[in-house]
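Here's the structure we're looking at; comments come further down.
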Amino acid sequence: MAEPSLYEGRLDGTGMRVAIAASRFNHLVVDRLLEGCLDGLRRHGVADADISIARAPGAFELPAVAARLASSGRFDAVVALGAVIRGATGHYDLVAGQAAAGVARAALDSGLPVVFGVLTTETIDQALERAGTKAGNKGYEAAVDAIELVDLYRRLPAGP
Ligand code: INI
């Protein structure tokens, strides 16, 4: 009996070129995500010379910036980092929803991994917990996800 085919990405980022789109809004939180993301990339073999960082004003702008980076042909993956905090905005749902949908669309349109490293929380404390304190660092996780996906895409059968 033949075994099922299993495709899984490995966590070796050697030689991978990664772009990070990071928003400036709530930079106290997002700068911690950026640190975590850089740490995650470096620890998995991505060279600093292969990392580019673009700063967007807010999470609402991340999809457009990520889409440009993804379509540039210069990167193997894009990581979008931001923090949308309900306490800080009356249009939380709009900003968070557009950021999520837009990042997903950038991934589908470009065919590249575009990872959603955007925190969506009720309070600044919850955001800080996920940016390098009690609950890990979503930027680090996003970096590891990007490396895994680049390798997975290389292994998956190519489309027509
Ligand atoms: N942008 C964020 O990244 N996080 C937020 O919590 C936020 N709030 O609170 O409004 C936010 N707003 C700005 C938005 O992303 C755009 O930059 C702005 O609307 C201009 O298009």
Side-chain angles (χ1 to χ4, degrees), residues 9 11 13 16-44 46-153:
L11 299 183
M16 288 182 188
R17 302 159 304 160
V18 179
I20 303 168
S23 53
R24 244 186 241 103
F25 204 102
N26 290 324
H27 71 91
L28 190 73
V29 175
V30 180
D31 289 352
R32 300 290 85 76
L33 296 178
L34 182 56
E35 281 173 13
C37 184
L38 290 170
D39 189 37
L41 293 174
R42 290 170 178 144
R43 279 175 186 266
H44 292 86
V46 180
D48 277 5
D50 291 328
I51 301 172
S52 297
I53 302 166
R55 298 303 299 240
F60 188 80
E61 285 76 34
L62 285 174
V65 174
R68 282 191 75 111
L69 292 165
S71 65
S72 69
R74 296 195 191 173
F75 305 105
D76 299 305
V78 180
V79 180
L81 300 176
V84 191
I85 301 171
R86 190 185 291 276
T89 180
H91 56 293
Y92 168 94
D93 292 313
L94 204 59
V95 174
Q98 289 299 320
V103 167
R105 186 175 143 195
L108 292 171
D109 288 352
S110 67
L112 280 195
V114 182
V115 177
F116 189 64
V118 178
L119 295 172
T120 53
T121 63
E122 297 293 320
T123 66
I124 182 105
D125 282 348
Q126 289 170 347
L128 287 167
E129 280 173 13
R130 292 159 177 76
T133 57
K134 280 197 271 185
N137 188 312
K138 193 175 176 71
Y140 185 96
E141 290 168 22
V144 176
D145 290 347
I147 290 164
E148 178 178 346
L149 284 168
V150 171
D151 192 55
L152 175 64
Y153 282 23

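Residue indices begin at 1 and follow the sequence shown. Note that the structure is predicted; figures quoted are calculated from it, not measured. Atoms within a ligand are numbered from 1 in the order they appear, just like the ligands themselves. When reading the values below, keep in mind they use all heavy atoms of this one structure, side chains included, and skip hydrogens, waters and symmetry mates.
- Salt-bridge check for E141 with K138: failed, with every basic side-chain N at 4.0 Å or more from each acidic carboxylate O.
- For the atom pair C37 SG and I51 CD1, the distance stands at 7.5 Å (nearest 0.5 Å).
- Near H91, with a cut-off below 4.0 Å to any heavy atom, the atoms of ligand 1 are 10 (O).
- Counting all heavy atoms, side chain and backbone alike, V84 lies closest to A59 at CG2-CB, 3.6 Å.
- Under a 4.0 Å criterion applied to the non-hydrogen atoms of A59, ligand 1 contributes the atoms 1 (N), 2 (C), 3 (O), 15 (O).
- For ligand 1, the atoms closer than 4.0 angstrom to any heavy atom of N26 are 4 (N), 5 (C), 6 (O).
- The environment of H44 atom NE2 is dense: over 12 non-hydrogen atoms of other residues, nucleotides or ligands sit within 6.0 angstrom.
- Interface of A83 with ligand 1, defined as ligand atoms under 4.0 Å from a residue heavy atom, comprises 2 (C), 3 (O), 4 (N), 5 (C), 6 (O).
- Surrounding OH of Y140 are more than 12 heavy atoms belonging to other residues, nucleotides or ligands, all under 6.0 Å away.
- Heavy-atom proximity to atom 13 (C) of ligand 1, evaluated over F25, Y92, F60, is greatest for F25.
- With ligand atoms numbered from 1 in the order given, ligand 1 contributes 15 (O) to contacts under 4.0 Å with heavy atoms of V95.
- Close contacts between ligand 1 and I85 involve ligand atoms 6 (O) [criterion: under 4.0 Å to a heavy atom].
- Counting non-hydrogen atoms of neighbouring residues, nucleotides and ligands closer than 6.0 angstrom, the CZ atom of R68 reaches no more than 12 such neighbours.
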